[in-house]
Peer 1: 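One structure coming up, written as structure tokens, with questions to follow.
Numbers for residues simply follow the sequence, beginning at 1. Quick caveat, the model's predicted, so the values are computed rather than measured.
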Amino acid sequence: DNRTWSGPSGAVITADSKFSFSSDRYNLTVSGVDNNDTGNYTFTAANSVGQDSVTISLTIQVTAPTVTAVQSSVVALKESTVILQVTVSGASPDVPNISDNRTWSGPSGAVITADSKFSFSSDRYNLTVSGVDNNDTGNYTFTAANSVGQDSVTISLTIQVTAPTVTAVQSSVVALKESTVILQVTVSGASPDVPNISDNRTWSG
């Protein structure tokens, strides 16, 4: 009485760390199921007068993704590089032949593509923004979708505003009578470069 199990590839299964059998071989145990284990399993029983077979299909359950922001709001210094991060739970990224769409959209609502400004991690869960400037501020939305559902999360990016620091190029200037002189200062601080921030610049004599 010959009893065998064959896997998705058609090859006869032997006992190992992945597969084990009951003593009568009527039960096949598959441990640590992963994508490579999906497919049809066939049990065949044969004796001197004939044989019969039955096939059992093994699939992995697909769930809709759930997206969470690592930080819902990120504050960056002007011209710095920041990383916007999300985590995604759900089986879809690990299931073959399941369309898993992962996109980032920017403040304008347009889907972001990789370029000198934006780059992604291999799983697209991290969006890197290089040389942050005023045009980069706003809401960034990550969306993960598969055949059974989708989820999104939004992360706000703002530029840190600091008080201005004023320095005189020369603290004392000596001029000839009736000549023309230029009194110069330098100003550091993000506020002059940030929209909607009142930055008042005056000279008094």
Peer 1: Tell me every residue that passes side-chain hydrogen bond (donor to acceptor under 3.5 Å, both in side chains) with Thr42, counting only those two or more places apart in sequence or in another chain.
Peer 2: Thr55

Peer 1: How many angstroms lie between CD1 in Ile112 and CZ in Phe118, if you round to the nearest 0.5 Å?
Peer 2: 4.5 Å

Peer 1: Who pairs with Asp151 by salt bridge (charged side-chain N to carboxylate O under 4.0 Å, His left out), at least two apart in sequence or on another chain?
Peer 2: none

Peer 1: Going by side-chain hydrogen bond (donor to acceptor under 3.5 Å, both in side chains), name the residues that satisfy it together with Ser105, two or more places apart in sequence or in a different chain.
Peer 2: none

Peer 1: Got a sec, which residues hit side chain to side chain contact (heavy atoms under 4.5 Å, CB included) with Ala76, two or more places apart in sequence or on another chain?
Peer 2: Ser80, Val82, Val132, Leu157

Peer 1: Is the backbone N or O of Arg25 less than 3.5 Å from a side-chain atom of Arg3, with the two atoms forming a donor-acceptor pair by type?
Peer 2: no

Peer 1: To the nearest 0.5 Å, tell me how far Asn40 CG sits from Ser57 OG.
Peer 2: 5.0 Å

Peer 1: So, taking the atom named OG1 in Thr113 and the one named CZ in Phe120, what distance separates them when rounded to the nearest 0.5 Å?
Peer 2: 7.0 Å

Peer 1: So, for Ala64 and Gly149, which heavy atoms are closest and what is the spacing to 0.1 Å?
Peer 2: CB-CA, 3.9 Å

Peer 1: For Trp203 and Val185: C-alpha separation, side-chain torsions, deciding distance, then whether side-chain contact (heavy atoms from CB on, under 4.5 Å) applies.
Peer 2: CA-CA 11 Å; Trp203 286 89; Val185 299; 3.8 Å; yes

Peer 1: For Gln184, what residues pass the side chain to side chain contact (heavy atoms under 4.5 Å, CB included) criterion, not counting sequence neighbours?
Peer 2: Val169, Ile182

Peer 1: Taking all atoms of both residues into account, what is the closest heavy-atom pair of Tyr41 and Pro8, and its distance?
Peer 2: CZ-CD, 3.6 Å

Peer 1: Who pairs with Ser152 by side-chain hydrogen bond (donor to acceptor under 3.5 Å, both in side chains), at least two apart in sequence or on another chain?
Peer 2: Thr143

Peer 1: Which distance, rounded to the nearest 0.5 Å, do you find between the CG of Leu183 and the OG of Ser171?
Peer 2: 11.5 Å

Peer 1: Report the residues that fulfil side-chain hydrogen bond (donor to acceptor under 3.5 Å, both in side chains) with Ser22, sequence neighbours left out, ordered by chain and then residue number.
Peer 2: Asp24

Peer 1: What pairs with Ala110 under side chain to side chain contact (heavy atoms under 4.5 Å, CB included), at least two apart in sequence or on another chain?
Peer 2: Ser108

Peer 1: Any link between Val173 and Val166 through a network of hydrophobic side chains (Ile, Leu, Val, Met, Phe, Trp, Tyr) touching at under 4.5 Å?
Peer 2: yes

Peer 1: State the CG-CZ distance between Leu127 and Phe142, to the nearest 0.5 angstrom.
Peer 2: 10.0 Å

Peer 1: What I'd like to find out is whether the side chain of Trp104 reaches to under 4.5 Å of the side chain of Ile155, using heavy atoms alone.
Peer 2: yes

Peer 1: Applying side chain to side chain contact (heavy atoms under 4.5 Å, CB included), name anything that partners Thr29, two or more places apart in sequence or on another chain.
Peer 2: Ser20, Ser31

Peer 1: Does anything in residues 125-145 form a salt bridge (charged side-chain N to carboxylate O under 4.0 Å, His left out)? List the pairs, not counting sequence neighbours.
Peer 2: Lys117-Asp133, Lys117-Asp136

Peer 1: Taking all heavy atoms of Val75 and all of Ile159, pick out the closest pair and write down the distance.
Peer 2: CG1-C, 4.3 Å

